[in-house]
K.L.:
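Okay, here's the structure, questions in a sec.
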There are 2 protein chains.
Amino acid sequence: MIRMGNSKNIPDIVIGRLPIYLRALNLLLAEQREYTSSHELGERLGISSAQIRKDLSHFGEFGKQGTGYNIAYLQEQIRQILHVDREWPMAVVGAGDLGRALVHYRGFVPRGFRVVCVFDNDPARIGERIAGLTVQPMSELASQIAAHRVQVAMIAVPLEAAQEVATQLVEAGVEAILNYAPITISVPDSVQVQYIDPVAHLQHMTYYLTPKT
Amino acid sequence: MIRMGNSKNIPDIVIGRLPIYLRALNLLLAEQREYTSSHELGERLGISSAQIRKDLSHFGEFGKQGTGYNIAYLQEQIRQILHVDREWPMAVVGAGDLGRALVHYRGFVPRGFRVVCVFDNDPARIGERIAGLTVQPMSELASQIAAHRVQVAMIAVPLEAAQEVATQLVEAGVEAILNYAPITISVPDSVQVQYIDPVAHLQHMTYYLTPKT
DNA sequence: CTCGAAATGTGAATGCGTGAACAAGCCTAG
DNA sequence: CTAGGCTTGTTCACGCATTCACATTTCGAG
């Protein structure tokens, strides 16, 4: 058995760690390294080596006993598992400060994503050019998403508008949403949703802090 | 026994959900609602009602049988638990697109945080004014953080610089770091660290997607 | 005043994820 | 060629988190 089926029911928490492993492998490659071990990876990431080995074993046998993992090979395997051995076109909704920062961000392309269209409902912003893209009105959303075969979108609008935008995105065929608005949105089960809320992280940390002032 | 001690060893994962509950309570308050139930909260957040009740029970008894939770009261209790019944001054390191977006962000103050200083090492950016703040050189970091009693910082620099910045922040006395650079940083155990990596979230979702093109 | 519906807080049970430990395999040195 | 050290993949046991289920309390209708 060279390769286990990847259609098995892998725990979602394991999937969530794969991008972290991928990040570490990118760095190791940049350091011109050729091999690494579960121990070294765990050391760098603050994760136990046993967990890393077990996580990877869900998808196949990528290492060699006594030697460890070939970095380039493992990186490529994880990229295939996560389907980022290609470039996903993305839509950004909201051209405020955050939306603009997302369009400008150079970190997407090297890791498998590219912003291909930006939308806003503010007439003052429509037509504005950001990093080579033109801000489009919401009325163009459905057609643009279809034209660019967009399956992934990011929501960068005020929280009052987030649910409505999410609904429109789903109707336009988007299957994965990264929501920056601090609100839990309601979408069909078939649509993937992830959240980024910096304040939630900050509040998580202040629990452990003693105010100085 | 009216109130349980909060010095007990509460699971970290429970702490991580409290900000989400707080978010939902803010919304309910904005809707002029007075009472809610664990069932309603769970409905809105996609969490089981039992989990919400059990999470809250770690800290005391905040609800009333038959009635549910008084929204304003529960909100205030959670704010106290998380220590956000005050305003935490924050430092931002990195005045690129992301750093600027963070300084402009209006969502911090209503939830207990305020950016009070911004740093960068690029001479072209130093002196620039962002939302009323002046970008300062890294050489000012230690003194400014001391002067403003800053305990919380956000790292918004390229990944190559992130570890060095983290080290400087810790030396300056920062106790909690929200790191936007896609790299696991090394700090003393006494320092809280949280990560925001949009690409990791995106890659997590594409695992479940079938490429269209 | 009484009854029923509703909702909490919690002990018990289930399920899942993590870490320890080991057999098996690989490489290098001598 | 052999021996020893290193590392993987996997099994097992433990512990933690989640869900179930219920006794208890509250409110409102009649």
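Hydrogens, waters and symmetry mates play no part in the numbers below; they use all other heavy atoms, side chains included. Convention: sequence-line order gives letters A, B, ...; per-chain numbering from 1.
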K.L.:
So what does S38(B) touch, heavy atoms closer than 4.0 Å: a base, only the sugar-phosphate, or nothing?
P.N.:
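If one applies the 4.0 Å heavy-atom cut-off, S38(B) turns out to touch the sugar-phosphate alone, with no base involved.
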K.L.:
Does the pair H201(B) and Y195(A) meet the rule for a side chain to side chain contact (heavy atoms under 4.5 Å, CB included), with working shown?
P.N.:
CA-CA 8 Å; H201(B) 288 285; Y195(A) 296 90; over 6 Å; no
K.L.:
Tell me: NE2 of H39(A) to P of dA20(C), nearest whole Å?
P.N.:
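Between P of dA20(C) and NE2 of H39(A): 12 Å.
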K.L.:
Would you check if there is a donor-acceptor pair between the side chains of Q163(B) and T167(B) at a distance under 3.5 Å?
P.N.:
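Indeed, the side chains of T167(B) and Q163(B) share at least one donor-acceptor pair under 3.5 Å.
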K.L.:
Applying a 4.0 Å non-hydrogen cut-off, can you work out what I13(B) is touching in the nucleic acid: base, sugar-phosphate, or nothing?
P.N.:
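The answer is sugar-phosphate, as I13(B) gets under 4.0 Å only of primed atoms, P, OP1 or OP2.
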K.L.:
Atom CD of Q51(B) and atom C1' of dT19(D): how far apart are they, to the nearest Å?
P.N.:
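Roughly 9 Å, once rounded to whole Å.
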K.L.:
Tell whether Q65(B) reaches the base of dT8(C) with its side chain through a donor-acceptor pair below 3.5 angstrom.
P.N.:
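Between dT8(C) and Q65(B), which were checked side chain against base, a qualifying N/O pair under 3.5 Å is present.
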K.L.:
Under 4.0 Å from OP1 or OP2 of dG9(D): is there any side-chain N or O of Y69(A) that close?
P.N.:
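For dG9(D), OP1 or OP2 has a side-chain N or O of Y69(A) closer than 4.0 Å.
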K.L.:
Rounded off to whole Å, could you give me the CG-to-P distance for the L56(A) and dT10(D) pair?
P.N.:
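Going from L56(A) (CG) to dT10(D) (P), I get 11 Å.
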K.L.:
Among S37(B), S38(B), S48(B), whose side chain to side chain donor-acceptor pair (under 3.5 Å) with R53(B) holds?
P.N.:
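Of S37(B), S38(B), S48(B), side chain to side chain donor-acceptor pair (under 3.5 Å) with R53(B) is met by S38(B) alone.
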K.L.:
Rounded to whole angstroms, how far apart are CZ on R53(A) and P on dT8(D)?
P.N.:
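Checked: the CZ to P distance equals 6 Å.
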K.L.:
With a 3.5 Å distance limit and no angle check, can you tell me whether T206(B) reaches the backbone of L82(A) through a side-chain donor-acceptor pair?
P.N.:
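Here the side-chain-to-backbone pair exists.
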K.L.:
Taking only side-chain N and O atoms of S48(A), does any of them lie within less than 4.0 angstrom of OP1 or OP2 on dG19(C)?
P.N.:
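S48(A) to dG19(C) OP1/OP2: side-chain N or O found under 4.0 Å.
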K.L.:
How many whole angstroms separate atom CZ of F62(A) from atom C1' of dT8(D)?
P.N.:
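For the pair F62(A) CZ and dT8(D) C1', the rounded distance is 13 Å.
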K.L.:
If I take atom CZ in residue R17(B) and atom C1' in nucleotide dT19(D), what distance separates them, rounded to the nearest angstrom?
P.N.:
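It is 12 Å, rounded to the nearest whole Å.
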K.L.:
Roughly, in whole Å, what's the span from NZ in K54(B) to P in dA12(C)?
P.N.:
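Result: 10 Å.
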K.L.:
When you measure from every atom of DNA chain C, which of residues 19-30 of chain B have a heavy atom less than 4.0 Å away?
P.N.:
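The stretch gives none, as no residue of it lies under 4.0 Å from the strand.
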K.L.:
Distance check needed: dC6(D) P versus L41(A) CG, whole Å only.
P.N.:
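So the CG-P distance, L41(A) to dC6(D), works out to 18 Å.
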